Amino acid sequence: MRVIADRRRCVGAGQCSLVLPEIFDSDDEGLVLVTGEVTEAHNVGLRHAVRICPVGALSLRPDPSPGSGTPQAAGR
Ligand code: SF4
C-alpha cells in the first residue's frame with residue numbers, strides 16, 4: 001500500500017499527522033509531508049487518515065510493480 005498526498009489540496013488541518021505521526025508531518029507552511037515508511041501495520045491508520053482529511057488530499061494505492069517508478073507524493 002502507498003499513500004498519495006496531494007499537497008495542492010492540503011489545507012494544513014493536521015489531522016493525518018495526529019493519526020499517524022510516524023508517517024505524516026508538515027512543512028513550514030503546514031502542508032502535509034509523507035516522511036515515514038508505510039508498512040502493512042499502518043493500513044488501518046492510513047484508511048482512517050484518508051477518511052478524516054477534510055479536503056480529500058490523501059489517497060491509497062496498491063504497491064507499484066517493481067520498476068514502475070511511480071512517485072509517492074504529488075504536488076509542490
Ligand atoms: S489531514 Fe488533509 S488537509 Fe490536513 S494536513 Fe493532512 S493532508 Fe493536509
Side-chain angles (χ1 to χ4, degrees):
M1 186 96 66
R2 289 184 310 134
V3 61
I4 308 294
D6 186 344
R7 289 166 46 82
R8 293 167 297 190
R9 281 192 183 188
C10 177
V11 294
Q15 299 302 308
C16 53
S17 57
L18 290 176
V19 172
L20 283 175
E22 68 272 36
I23 299 294
F24 299 107
D25 200 351
S26 56
D27 66 10
D28 292 342
E29 298 176 57
L31 302 179
V32 65
L33 293 171
V34 179
T35 57
E37 186 175 343
V38 173
T39 69
E40 291 292 315
H42 296 116
N43 283 356
V44 172
L46 284 173
R47 287 191 170 90
H48 183 57
V50 168
R51 269 197 310 273
I52 65 172
C53 176
V55 293
L58 302 175
S59 58
L60 299 176
R61 299 281 187 276
D63 282 324
S65 56
S68 69
T70 306
Q72 192 170 32
R76 289 183 231 168

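For ligands, and for the atoms within them, numbers begin at 1 and follow the listed sequence. Only a predicted model underlies this, so the values are computations on that prediction, with no experimental measurement involved.
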(message) For Asp25, give me all partners under salt bridge (charged side-chain N to carboxylate O under 4.0 Å, His left out), at least two apart in sequence or on another chain.
(response) none
(message) What verdict does the side-chain contact (heavy atoms from CB on, under 4.5 Å) test give for Phe24 and Leu33, after you've listed the backbone C-alpha separation in whole Å, the side-chain angles of each residue and the deciding distance to 0.1 Å?
(response) CA-CA 6 Å; Phe24 299 107; Leu33 293 171; over 6 Å; no
(request) Find out whether Arg7 and Glu29 are in side-chain contact, i.e. whether some heavy atom of one side chain is under 4.5 Å from a heavy atom of the other. (result) no
Donor-acceptor contacts under 3.5 Å from residues 53-61 side chains, at least two apart:
residue	atom	partner	partner atom	Å
Ser59	OG	Arg61	NH1	3.3

(request) Not counting sequence neighbours, which residues clear side chain to side chain donor-acceptor pair (under 3.5 Å) with Glu40? List them please. (result) Asn43
(request) Would you sort out whether Glu22 and His42 count as a side-chain contact (heavy atoms from CB on, under 4.5 Å), showing the intermediate values? (result) CA-CA 10 Å; Glu22 68 272 36; His42 296 116; 3.5 Å; yes
(message) Can you count the protein N/O/S atoms lying under 2.8 Å from atom 2 (Fe) of ligand 1, leaving waters out?
(response) 1
